[in-house]
Amino acid sequence: MSATLSSPSSAFLRILTERGFIHQASDLAGIDAAAREGRLTTYVGYDCTAPSLHIGHLLSIMMLHWLQETGAGRPIVLMGGGTTRVGDPSGRDETRKMLTVEQIEENKNSIKEVFSRFIRFGESGHLAAMADNAEWLTKLNYIDMLREIGRHFSVNRMLSMDSVRLRLERDQELSFIEFNYMILQAYDFTELHRRYGVVLQMGGSDQWGNIVTGIDLGRRLGTGQLYALTCPLMTTASGAKMGKTASGAVWLKGEMFSPYDYWQFWRNTEDADVGRFLKLFTTLPMERIAELERLQGAEINEAKKVLATEATALLHGREAAESAAETAQKTFEQGVTADTLPSVEVPREDIETGIGIAPAFVRAGLAASNGEVIRAIANGAISVNDARVTDRSRIVAASDLKDGVVKLSFGKKKHVLLRAV
RNA sequence: GGGGGAAUGUCCCGAGCGGCAAAGGGGGCGGACUGUAAAUCCGCUGGCUAUGCCUUCGUAGGUUCGAGUCCUACUUCCCCCA
């Protein structure tokens, strides 16, 4: 743990500090000076393990956002097209399942677009650039690599790194391929220094070891001083890992997690987290956040709505955010059916024929199986047009249509409109 | 190389005399209470054309009316001896 710089002179570090982004840094004074001079070219790497990033990645994206916003330096987004083929062992007990090269490429293309929401890309100045480490890592020759890079790594030291040590201590398998991950990431750092003049690597706290390894390699290869800065691992006040919901992760890609659901996710933040999240996940001025933090009791709901709308606006745009806010207001506060609720289209003739209650919920995506719906009915969780269903043989029919839609609800929070077309 | 132990409900941990859709817990979901929060209490947490049928206990065979449970081989992991 490094001491926090009592009074950073760069806008970049000042903002990161007061908003709670900083977990560890290698040399705050050095970072501060480079930021002040606008030469803090910085990269964050993202592995392509899924078709979308999720909110766990948001912290580091926000840091790149502030880097650009404050003119501290140029953001470099590194796609891990190469490293994903190897698999990072950091912070996990088990080896990831190997992805095919095709899957990685698909994921990479699917992930890319989200960054332009938070940072501006371009050729010059502080406009961001995107790189892909497949470009250089896949061309490495094993023997040359060992001679030029491998000789700078001490296995003794590598064994002491958390990502490796924790695995070994728990008697968990660590394959040779994973053991190499940190070497590749370290090499990336030096390569990005060579290509773009990158001097800082940021990432989650679990990346500390990998980043510092890169700094060491840089010193031996003569890159000059490189820096590390990590953000905390996001957990909720009650200690749960953030971003897990019923359906899985909170994805940043709209097709996988709708703007409405995204708004709802933030709306349901625990009281104790609201202030912290406003600082991290919105760009509202600190004075405004301080105001919101003063709200007590049920008034905190107002702060949660601001959080939800601002966070959603950053990712999906102001319009989508306000539409989500409005839909929520109609649904939860006025108790009317908002026609902007998520909807699923169903052929009109199917509804005229009649659809069983269970299949209807499965088609709406509210349940995974008929059995789940039957059990939910027994739990009193199922409603059609806001009327609780108690009979499992209930049929959703044309008589349920209001303005061409039927409102299906699973519990009080999950609603989907079945739209006859 | 020799000896011993382990793999359980496709989220995780874990009990399981030959009759088991399989104890318990965590997590998740739902209900109540609230404020679309937390905490607490209660319920649910294999699938289906559903008083029945089908698929599940590392893999493949075998014994048996019947196997998660017994036998054999294989795979993977752990421990001890060399």
Side-chain angles (χ1 to χ4, degrees), chain A residues 50 54 91-97 167-175 235-250 260-278 292-293 295-309 311-312 324-338 341-342 353-384 386 388-395 407-416:
Chain A
H54 53 77
R92 39 178 55 238
D93 256 0
E94 285 167 17
T95 306
R96 278 178 199 279
K97 70 175 199 302
R167 281 275 189 96
L168 298 182
E169 278 176 2
R170 292 185 208 173
D171 287 325
Q172 298 290 333
E173 172 75 9
L174 177 75
S175 68
T235 54
T236 67
S238 29
K241 259 187 205 159
M242 251 187 87
K244 286 296 192 81
T245 68
S247 37
V250 176
Y260 172 77
D261 287 333
Y262 193 73
W263 193 94
Q264 282 296 323
F265 170 78
W266 292 109
R267 173 64 183 83
N268 285 305
T269 296
E270 291 178 30
D271 285 9
D273 288 324
V274 176
R276 191 161 56 102
F277 288 180
L278 280 165
L292 292 167
E293 282 185 297
L295 297 172
Q296 292 297 314
E299 289 183 326
I300 293 175
N301 285 324
E302 294 310 311
K304 290 185 190 178
K305 288 180 208 167
V306 174
L307 168 64
T309 300
T312 306
E326 194 190 332
T327 302
Q329 210 223 340
K330 282 185 184 162
T331 306
F332 291 99
E333 294 177 30
Q334 296 171 15
V336 298
T337 301
L341 278 172
T353 311
I355 307 173
I357 185 73
F361 271 73
V362 173
R363 282 175 81 162
L366 284 168
S369 68
N370 293 349
E372 187 182 342
V373 181
I374 304 295
R375 286 191 294 269
I377 289 174
N379 279 333
I382 297 297
S383 305
V384 173
D386 299 312
R388 181 167 292 184
V389 173
T390 52
D391 176 10
R392 62 160 78 171
S393 58
R394 168 84 152 85
I395 301 291
K407 181 182 182 186
L408 304 183
S409 310
F410 191 130
K412 284 185 293 200
K413 294 187 189 176
K414 290 184 287 196
H415 312 279
V416 168

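Below, chains carry the letters A, B, ... as their sequence lines are ordered, and counting in each starts from 1. Worth saying up front: this structure is predicted, and the values here are computed from it rather than measured.
- B:G19 and B:G26 have their P atoms separated by 28 Å, with the value rounded to a whole Å.
- Pair assignment for B:A7 gives B:U75, based on Watson-Crick or G-U wobble hydrogen-bonding distances that are each under 3.5 Å.
- The partner of B:U56 cannot be assigned: no Watson-Crick or G-U wobble pair with both contacts below 3.5 Å exists in any strand.
- Counting any heavy atom pair closer than 4.0 Å across all strands shown, A:T269 reaches sugar-phosphate atoms only and no base atom.
- Residues from residues 296-309 of chain A placing a heavy atom under 4.0 Å of any atom in RNA chain B, listed by number, are A:G297, A:A298, A:N301, A:K304.
- Of all nucleotides present, only B:G31 satisfies the Watson-Crick or G-U wobble test against B:C41, with each distance under 3.5 Å.
- Within the 4.0 angstrom heavy-atom criterion, base atoms lie near A:A328.
- Summarising the geometry, the separation between NE2 on A:H415 and P on B:C29 is reported as 15 Å, rounded to the nearest angstrom.
- Residues passing the salt bridge (Lys or Arg N to Asp or Glu O under 4.0 Å) test with A:K412, sequence neighbours excluded: none.
- For A:R394, the salt bridge (Lys or Arg N to Asp or Glu O under 4.0 Å) criterion is met by A:D400, not counting sequence neighbours.
- B:G25 and B:C42 have their P atoms separated by 11 Å, given to the nearest Å.
- Nucleotides B:C13 and B:C81, compared at atom C1', are 32 Å apart to the nearest Å.
- Figure legend. B:C17 is base-paired to no nucleotide; pairs are counted as Watson-Crick or G-U wobble with both atom distances under 3.5 Å.
- Judged as a salt bridge (Lys or Arg N to Asp or Glu O under 4.0 Å), and not counting sequence neighbours, the contacts of A:D271 are A:K304.
- Residues satisfying the side chain to side chain donor-acceptor pair (under 3.5 Å) test with A:D386, not counting sequence neighbours, are A:K407.
- Note: CG (A:D271) to P (B:G35) measures 12 Å, nearest angstrom.
- Every side chain to side chain donor-acceptor pair (under 3.5 Å) that A:K305 has, sequence neighbours left out, goes to A:E302, A:E333.
- For the atom pair OG1 of A:T327 and CG of A:L341, the computed distance is 6.0 Å after rounding to the nearest 0.5 Å.
- B:C41 and B:A50 are spaced 33 Å apart, taking the C1' atom of each and rounding to whole Å.
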Could you list, one pair per line, each protein nitrogen or oxygen that sits under 3.5 Å from a nitrogen or oxygen of nucleotides 30-33 of chain B, together with the distance?
| residue | atom | partner | partner atom | Å |
| --- | --- | --- | --- | --- |
| B:G31 | OP1 | A:K412 | N | 3.3 |
| B:A32 | OP2 | A:K412 | NZ | 3.2 |

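- Atom CD of residue A:E299 and atom CG of residue A:L292 lie 11.0 Å apart, to the nearest 0.5 angstrom.
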Please report, to 0.1 Å, the donor-acceptor pairs under 3.5 Å made by any side chain of residues 358-373 of chain A, with sequence neighbours excluded.
| residue | atom | partner | partner atom | Å |
| --- | --- | --- | --- | --- |
| A:R363 | NH1 | A:D350 | OD2 | 3.3 |
| A:R363 | NH2 | A:D350 | OD2 | 3.0 |
| A:S369 | OG | A:E372 | N | 3.2 |
| A:E372 | OE1 | A:A368 | N | 2.9 |

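- Between the CD atom of A:E270 and the C1' atom of B:G35 there is a distance of 14 Å, rounded to whole Å.
- Distance CG (A:L295) to P (B:G35): 16 Å, rounded to an integer number of Å.
- With hydrogens and angles ignored, the 3.5 Å screen pairs no side-chain donor or acceptor of A:R392 with any backbone N or O of A:I377.
- Taking the C1' atom of each, B:A21 and B:U45 are spaced 13 Å apart, rounded to whole Å.
- Within 90° of 0 lies the glycosidic angle of B:C20, which makes this nucleotide syn.
- Atom pair A:F265:CZ and B:G28:P shows a separation of 12 Å (rounding to whole Å applied).
- Judged as a side chain to side chain donor-acceptor pair (under 3.5 Å), and not counting sequence neighbours, the contacts of A:K413 are A:N268.
- Under the 3.5 Å distance criterion, the side-chain polar atoms of A:T312 are left unmatched by any main-chain donor or acceptor of A:T309.
- Comparing the same atom, C1', in B:C57 and in B:A7 gives a spacing of 10 Å after rounding to whole Å.
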**OP:** Go along nucleotides 46-57 of chain B 5' to 3' and tag each nucleotide: B for a protein heavy atom under 4.0 Å from its base, S when only backbone or sugar atoms are that close, - otherwise.
**Re:** -SSS--------
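- Pairing for B:A67 is absent, with no Watson-Crick or G-U wobble pair whose two atom distances lie under 3.5 Å.
- For the C1' atoms, the distance from B:U64 to B:G52 is 26 Å, rounded to whole Å.
- Listed by chain and residue number, nothing satisfies the side chain to side chain donor-acceptor pair (under 3.5 Å) test with A:T390 (two or more places apart in sequence, or in another chain).
- When the C1' atom of B:C44 is taken as reference, atom CD1 of A:I377 falls 13 Å away, rounded to whole Å.
- In this view, A:A50 and A:W251 satisfy the side chain to side chain contact (heavy atoms under 4.5 Å, CB included) rule, not counting sequence neighbours.
- The P atoms of B:U69 and B:G58 are separated by 8 Å, rounded to the nearest whole Å.
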